[in-house]
Amino acid sequence: MATRWGLCGAGKISHDFSVAMKTLPPGDHQIAVIASRSLERAKEFANRHGIPKAYGSYEELANDPDIDMVYVGVLHTEHWRVGLLFLKAGKNVLCEKPFAMNSRQVKDLVATAKKNNVFLMEAIWSRCFPLYAEVRRLLAEEAVGEVKLVKAYFGSPQLHIPRSVEKELGGGALLDIGVYCLQFVLMVFNGERPESIQATGVLLDSGVDESVVVVMKFSRNRMAFCTFSIAVRLTNDAVIAGTKGSIKVLGPMHCPTTLVVNDKELEYPLPEPGLPLNFDNSTGLRFEAEEVRQCLLKGLKESPRMPQADSVLLTEIMDEIRKQVGVVFSQDSQ
């Protein structure tokens with residue numbers, strides 16, 4: 001039986017997700033419904049992607065008995081509210097990153113999923129890429145000795161995009177792209193909590209972070225260094241430096257296709273999209289969709305590649321970074 005998906009939100013990421021799904025066997029995955037707050041927009045989306053049903057509200061999707069999994073691709077300021085709607089309706093949920101606006105909201109989502117005995121995963125698609133699986137394998141084998149330092153960079157000029165710069169829309173570099181650098185560090189260090197976090201950054205007039213540098217110290221004198229910015233383009237790569245060599249994930253490190261292990265280059269090509277994409281390498285969204293299907297088939301309630309504990313820790317780290325840099329959202333006092 002195909003996994004029957006319902007999409008929540010008819011924006012750019014849902015478009016790319018739909019295009020990526022077309023690269024998977026139709027016998028395994030089927031997008032059965034698209035829901036938007038505008039029925040007209042939902043119908044337009046459905047026509048473009050060949051989706052049989054369109055809803056003009058998220059509630060209709062929550063009440064649809066024929067859906068196995070809901071993909072939440074709305075603005076991250078809405079993730080908590082919309083996520084709770086689906087989880088309380090007994091729906092399995094794959095929610096775009098960042099999971100929510102702060103760790104209190106994330107813990108709320110996780111607790112609600114457990115209470116309703118449903119699957120919940122933060123859509124950190126990077127974790128599901130074949131290249132990331134190879135990185136985890138190399139680390140498990142200690143291919144570069146003991147890891148001493150991890151560096152991750154992500155910079156993308158986005159100052160012209162309202163959702164990137166406006167506080168009401170959850171803007172700032174950290175929640176949008178910094179999350180990718182931090183999740184990479186957590187993956188390398190097996191979800192370990194850092195012993196210390198030092199962050200400094202510059203804010204836009206709107207009060208969100210434009211550029212941030214974070215230094216984290218882990219047990220056994222291991223360090224991590226992350227830089228992210230919505231003002232400039234950076235190398236967008238990641239490096240794992242060990243006592244016997246290095247692993248380099250070439251940019252874009254959040255959806256990578258090229259790995260360099262001690263100067264040896266490995267390629268992991270992606271399938272071609274059937275329609276133009278909004279974001280780099282978006283056909284790679286197929287990997288998280290397949291990961292979700294495999295988890296459901298095994299009866300799992302969370303993904304071992306992006307466990308809920310990692311999402312909670314990730315958001316706690318982001319809360320601390322925001323505190324040090326001085327970014328406060330209205331959700332923090334609710």
Side-chain angles (χ1 to χ4, degrees), residues 6-9 11 13-14 35 37 58-59 61-62 69-127 163-183 186 191 193-194 197 199 206-209 212 214 228 288 292 301-303 306-334:
L7 305 188
C8 169
I13 193 67
S14 292
R37 282 182 302 200
Y58 303 150
E59 286 73 19
L61 176 56
M69 177 66 62
V70 174
Y71 171 76
V72 176
V74 295
L75 270 180
H76 40 267
T77 47
E78 293 292 294
H79 287 178
W80 175 72
R81 187 182 66 79
V82 173
L84 287 180
L85 168 74
F86 293 121
L87 295 170
K88 285 176 178 172
K91 290 280 181 280
N92 298 307
V93 172
L94 173 67
C95 178
E96 257 314 325
K97 59 84 213 162
F99 222 164
M101 294 300 289
N102 53 40
S103 58
R104 183 182 51 76
Q105 288 191 341
V106 169
K107 286 171 186 167
D108 217 359
L109 290 169
V110 169
T112 306
K114 285 194 167 59
K115 188 179 167 189
N116 291 277
N117 195 30
V118 288
F119 178 91
L120 175 65
M121 177 185 175
E122 182 178 12
I124 303 270
W125 62 321
S126 321
R127 292 276 179 109
R163 73 166 183 88
S164 298
V165 298
E166 289 174 23
K167 190 179 260 195
E168 298 69 47
L169 302 178
L174 174 65
L175 292 192
D176 189 34
I177 58 179
V179 60
Y180 286 121
C181 299
L182 300 168
Q183 68 78 26
L186 289 185
R193 186 178 293 276
I197 301 166
S206 61
V208 303
D209 51 304
V212 180
V214 183
F228 34 94
E288 71 178 2
V292 164
K301 301 300 176 192
E302 59 181 307
S303 161
M306 189 61 204
Q308 293 164 8
D310 269 27
S311 291
V312 170
L313 177 57
L314 183 58
T315 324
E316 286 175 343
I317 291 170
M318 294 202 292
D319 285 356
E320 177 58 29
I321 292 168
R322 284 201 294 118
K323 194 167 126 192
Q324 292 186 27
V325 175
V327 177
V328 182
F329 291 111
S330 61
Q331 288 85 353
D332 297 329
S333 56
Q334 283 166 10

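For reference, positions follow the sequence shown, starting with 1.
- Using a 4.5 Å heavy-atom cutoff, the side chains of Y71 and I13 are in contact.
- With contacts defined as side-chain heavy-atom distances shorter than 4.5 Å, the pair V82/L84 does not qualify.
- Annotation for G170 and L175: closest pair O-CD1, 4.2 Å, computed over non-hydrogen atoms.
- Taking both residues in full, the closest heavy atoms of W80 and L109 are given as O-CD2, 3.7 Å, listed atom of the first, atom of the second, then distance.
- Considering OG of S126 and NZ of K97, their distance stands at 9.0 Å, rounded to 0.5 Å.
- F119 and L87 make their closest contact through O-CD2, 4.3 Å (heavy atoms, listed as atom of the first residue, atom of the second, distance).
- Taking the side chain as every heavy atom from C-beta outward, F329 and V208 approach each other to under 4.5 Å.
- By the 4.0 Å N-to-carboxylate-O rule, R322 lies too far from D209 to be salt-bridged with it.
- Contact check for F99 versus Q105: no side-chain heavy atoms found under the 4.5 Å cut-off.
- V118 has its side chain out of reach of V93: every pair of non-hydrogen atoms, C-beta onward, lies at least 4.5 Å apart.
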(request) Check step by step if side chain to side chain contact (heavy atoms under 4.5 Å, CB included) holds for F228 and Y180. (result) CA-CA 9 Å; F228 34 94; Y180 286 121; over 6 Å; no
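- Shown here for A62 and L85, the closest heavy-atom pair between the two residues is CB-CG, 4.0 Å.
- Using modelled atom types, one finds no donor on one side chain facing an acceptor on the other under 3.5 Å when comparing K301 with Q308.
- The side-chain heavy atoms of E96 and H79, taken from C-beta on, include a pair separated by under 4.5 Å.
- Atom CZ of R81 is separated from atom CE of M101 by 14.0 Å, given to the nearest 0.5 angstrom.
- Using a 4.5 Å heavy-atom threshold, the side chains of R163 and L75 count as touching.
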(request) Start with the C-alpha gap between L61 and C8, add the side-chain angles, then the distance that decides, and say whether side chain to side chain contact (heavy atoms under 4.5 Å, CB included) holds. (result) CA-CA 8 Å; L61 176 56; C8 169; 4.1 Å; yes
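- Nearest heavy atom pair, residue G9 against residue S14, reads O-OG, 2.6 Å.
- For the atom pair L313 CG and L186 CG, the distance stands at 5.0 Å (nearest 0.5 Å).
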(message) Applying side chain to side chain contact (heavy atoms under 4.5 Å, CB included) to V70 and N92, what does each step give before you reach the verdict?
(response) CA-CA 6 Å; V70 174; N92 298 307; over 6 Å; no
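- Nearest heavy-atom pair, E78 versus V74, reported as atom, atom and distance to 0.1 Å: CB-CG2, 3.7 Å.
- Between M318 and V179, some side-chain heavy-atom pair lies under the 4.5 Å cut-off.
- Classification of D332 and R104 as a salt-bridged pair fails, no side-chain N sitting under 4.0 Å from a carboxylate O.
- In this view, D310 and R127, M306, P307 satisfy the side-chain contact (heavy atoms from CB on, under 4.5 Å) rule, not counting sequence neighbours.
- In this structure, CG in L182 is found 9.5 Å from CD1 in I124, a value given to the nearest 0.5 Å.
- Here M121 contributes atom CE and M69 contributes atom CE; the two are 9.5 Å apart, rounded to the nearest 0.5 Å.
- Comment: E316 engages K107 in a salt bridge, judged by a side-chain N to carboxylate O separation of less than 4.0 angstrom.
- In this structure, Q324 CD and D319 CG are separated by 11.5 Å, a value rounded to the nearest 0.5 Å.
- With hydrogens and angles ignored, the 3.5 Å screen pairs a side-chain donor or acceptor of S206 with a backbone N or O of V165.
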(message) Using the rule given for side chain to side chain contact (heavy atoms under 4.5 Å, CB included), can you reason through V325 versus I321, listing the C-alpha separation, both sets of side-chain angles and the distance that settles it, and then say yes or no?
(response) CA-CA 6 Å; V325 175; I321 292 168; 4.2 Å; yes
